[in-house]
2 protein chains.
Amino acid sequence: MMGRGNDKSRRRGAGRPRAGQEPLTRERILDAALGIVDEEGLGALTMRRLAAELGVNPMSIYHHLPGKDAVISGLVELVCSGMRVHYPDGSSWQEQVRAWAEAYRGLVRSHPNLVLEVVSNAAAATEAVLLVNEPLYGALDGSGLPPAEVLRAADSVVDYVHGFALAEGAQPSGHSFDRSELLARLEAGDADGLTATRRVFGALARDEARYDFDRGFDYGLGILLKGIEARIVDAEGFR
Amino acid sequence: MMGRGNDKSRRRGAGRPRAGQEPLTRERILDAALGIVDEEGLGALTMRRLAAELGVNPMSIYHHLPGKDAVISGLVELVCSGMRVHYPDGSSWQEQVRAWAEAYRGLVRSHPNLVLEVVSNAAAATEAVLLVNEPLYGALDGSGLPPAEVLRAADSVVDYVHGFALAEGAQPSGHSFDRSELLARLEAGDADGLTATRRVFGALARDEARYDFDRGFDYGLGILLKGIEARIVDAEGFR
DNA sequence: ACCTGAACACCGTTCAAGT
DNA sequence: ACCTGAACACCGTTCAAGT
């Protein structure tokens with residue numbers, strides 16, 4: 001739990017930083033904001049609440065960041081700048097793409113209340129986004145694809161991870177979730193026209209009703225990699 | 001432009017619907033809300049603004065929908081219920097998946113200001129979402145994949161479309177956008193450590209700098225389909 | 001330069017009162 | 001049952017004033 005700015009620590013005199021008190025900085029503001037978002041959700045992040053957390057007047061924040069939008073995109077930048085991937089020596093491009101995707105998924109998942117912002121601000125080609133994508137370009141550049149296809153393939157992988165992270169983030173628990181409620185509803189037959197849905201879910205083995213996100217993520221990645229491999233074979237065939 | 005509720009059309013007496021005036025319904029409210037969101041963005045949608053649009057007191061809305069959240073999820077439901085796919089007779093499962101993905105992308109793209117909501121509410125297994133996914137299950141069920149894999153493959157396709165729609169929706173223009181700004185920044189070399197990014201973008205032909213969303217979407221879909229095909233071959237090999 | 005207090009123009013929603 | 005008016009507890013942000 002974060003300490004709320006209480007009366008004792010809140011400054012009273014204007015413009016006079018108390019001796020020994022840390023000055024307000026962009027970094028301190030963003031750290032506090034990230035704490036609020038992680039613990040209580042994006043809805044809890046207000047300029048006033050953030051100021052209280054810092055023991056400061058709401059308006060003081062505006063001297064370091066132009067507004068609330070800037071706080072939020074600063075948060076996205078902060079989170080994205082934590083991206084780290086390590087490719088073991090001699091790893092194949094497939095292993096590297098996997099490592100990248102898992103690192104990126106992990107990054108996004110470590111701040112579930114910010115998924116929507118990360119995933120939708122990612123299109124704005126900020127410095128942070130470029131740094132996130134760099135290792136992915138690196139991996140795919142070693143696959144033998146022509147550069148235009150490296151970009152397309154990278155975009156496809158990014159889009160998939162974004163979509164997956166969104167679905168995963170929307171789920172309350174995270175690790176796995178139970179589809180038996182859905183199954184029961186389908187068996188009750190209250191849904192007209194869902195014939196394929198009913199057939200597919202009905203044919204699931206009992207132990208398959210529990211959806212495992214990790215395996216789902218792997219599966220999609222595997223499909224994408226196989227598909228990219230097929231493109232490489234095609235490209236080589238044209239030589 | 002939508003007509004604002006002006007004084008002449010706004011009711012004065014409480015609880016007394018004027019003769020000839022349409023009664024307030026959930027449907028009318030959602031239609032008006034969708035109009036506001038499509039024209040002015042989600043940020044313009046407030047209960048007070050919505051009421052003004054309908055020529056009604058803000059509180060009247062609460063008799064038909066429990067709150068603003070309900071208005072927004074009602075909007076998502078409304079949009080999703082417009083999903084229509086037609087599979088030509090004799091079409092392959094690949095063609096069907098393509099048709100589904102294009103229909104879904106089109107649906108989402110027709111309300112760009114709602115993309116974020118559609119894509120993040122989609123995880124909640126509402127009736128509308130089931131109806132959207134049904135034709136996709138139908139297509140993949142005809143591919144020869146075992147049911148558990150039909151679900152995983154469907155999820156992968158959905159995640160990809162979501163991620164793509166998000167990226168596309170975040171872009172201002174839509175149809176295509178120019179990467180030459182990014183290229184120039186990379187060539188200026190102000191970005192350290194972006195070696196692979198620089199190499200890949202640098203190797204692009206001049207006519208490839210313009211990014212075409214339609215072709216990008218096709219490419220990702222093609223990869224996914226090829227990957228799914230590979231899974232089917234594997235499954236058959238185990239028979 | 002940095003911080004503050006008061007004020008402005010908004011929000012979503014509750015609640016008691018109207019018809 | 002359906003609609004309203006006033007009120008409550010909030011918002012983000014501007015602006016002039018403090019030190």
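So you know, we letter chains A, B, ... as the sequences are listed, proteins then strands, and number each from 1.
Side-chain proximity of Thr46(A) to dG5(D), dG12(D), dG12(C): nearest is dG12(D). With dT4(C), dG12(D), dT13(C) as the choices, the nucleotide that has an atom nearest any side-chain atom of Met47(A) turns out to be dG12(D).
In this entry the distance linking CG of Leu54(B) with P of dT4(D) reads 11 Å, nearest Å. Atom CD1 of Ile36(A) is separated from atom C1' of dC11(D) by 15 Å (rounded to the nearest Å). One can place NE2 of His63(A) at 12 Å from P of dG5(C), the figure rounded to the nearest angstrom. Straight-line distance from the CG atom of Asn57(B) to the C1' atom of dG12(C): 13 Å, rounded to whole Å. The distance between atom CZ of Arg28(A) and atom C1' of dC2(C), rounded to the nearest whole Å, is 14 Å. Taking atom NZ of residue Lys68(B) and atom C1' of nucleotide dT13(C), one finds them 12 Å apart after rounding to whole Å. As a whole-Å value, the separation of Ile61(B) CD1 from dT14(C) P is 14 Å. Leu45(B) has its CG atom 16 Å from the P atom of dC10(C), to the nearest Å.
Salt-bridge check for Arg49(A) with Glu39(A): failed, with every basic side-chain N at 4.0 Å or more from each acidic carboxylate O.
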(Q) Once pairs are restricted to Watson-Crick or G-U wobble with both distances under 3.5 Å, how does DNA chain D read as a dot-bracket string, [ ] for crossings and | for other-strand pairs? (A) ||.|||||...|||||.||
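Along DNA chain C, the nucleotide closest to Arg48(A) and the one closest to Pro58(A) are compared, and the more 5′ of them pairs with Pro58(A).
Note on Ser60(A): every side-chain N or O is 4.0 Å or more away from OP1 and OP2 of dC2(C). A close approach under 4.0 Å does not occur between any side-chain nitrogen or oxygen of Tyr62(B) and OP1 or OP2 of dT14(C). Between dC3(D) and His64(B), a contact under 4.0 Å exists linking OP1 or OP2 to a side-chain N or O.
The backbone N or O of Val56(B) lies less than 3.5 Å from no partner atom in the side chain of Ser60(B), so there is not a single donor-acceptor pair. Listed for the Asp159(B) side chain is no donor-acceptor partner under 3.5 Å among the backbone atoms of Tyr160(A). Side chain of Asn113(A) to backbone of Leu42(A): no donor-acceptor contact under 3.5 angstrom is found. The backbone N or O of Pro23(A) sits less than 3.5 Å from a side-chain atom of Arg28(A), completing a donor-acceptor pair.
For the P atoms, the distance from dA9(D) to dA9(C) is 22 Å, rounded to whole Å.
Within a 6.0 Å radius of CD in Glu27(B), no more than 12 heavy atoms belonging to other residues, nucleotides or ligands are found.
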Residues 100-107 of chain B, side-chain donor-acceptor partners within the protein, below 3.5 Å, at least two apart:
unit_1: Trp100(B); atom_1: NE1; unit_2: Val132(B); atom_2: O; d: 2.9
unit_1: Tyr104(B); atom_1: OH; unit_2: His162(B); atom_2: NE2; d: 2.7
unit_1: Arg105(B); atom_1: NE; unit_2: Glu168(B); atom_2: OE1; d: 3.2
unit_1: Arg105(B); atom_1: NH1; unit_2: Asp214(B); atom_2: OD1; d: 3.2
unit_1: Arg105(B); atom_1: NH2; unit_2: Glu168(B); atom_2: OE2; d: 2.7
unit_1: Arg105(B); atom_1: NH2; unit_2: Asp214(B); atom_2: OD1; d: 2.9

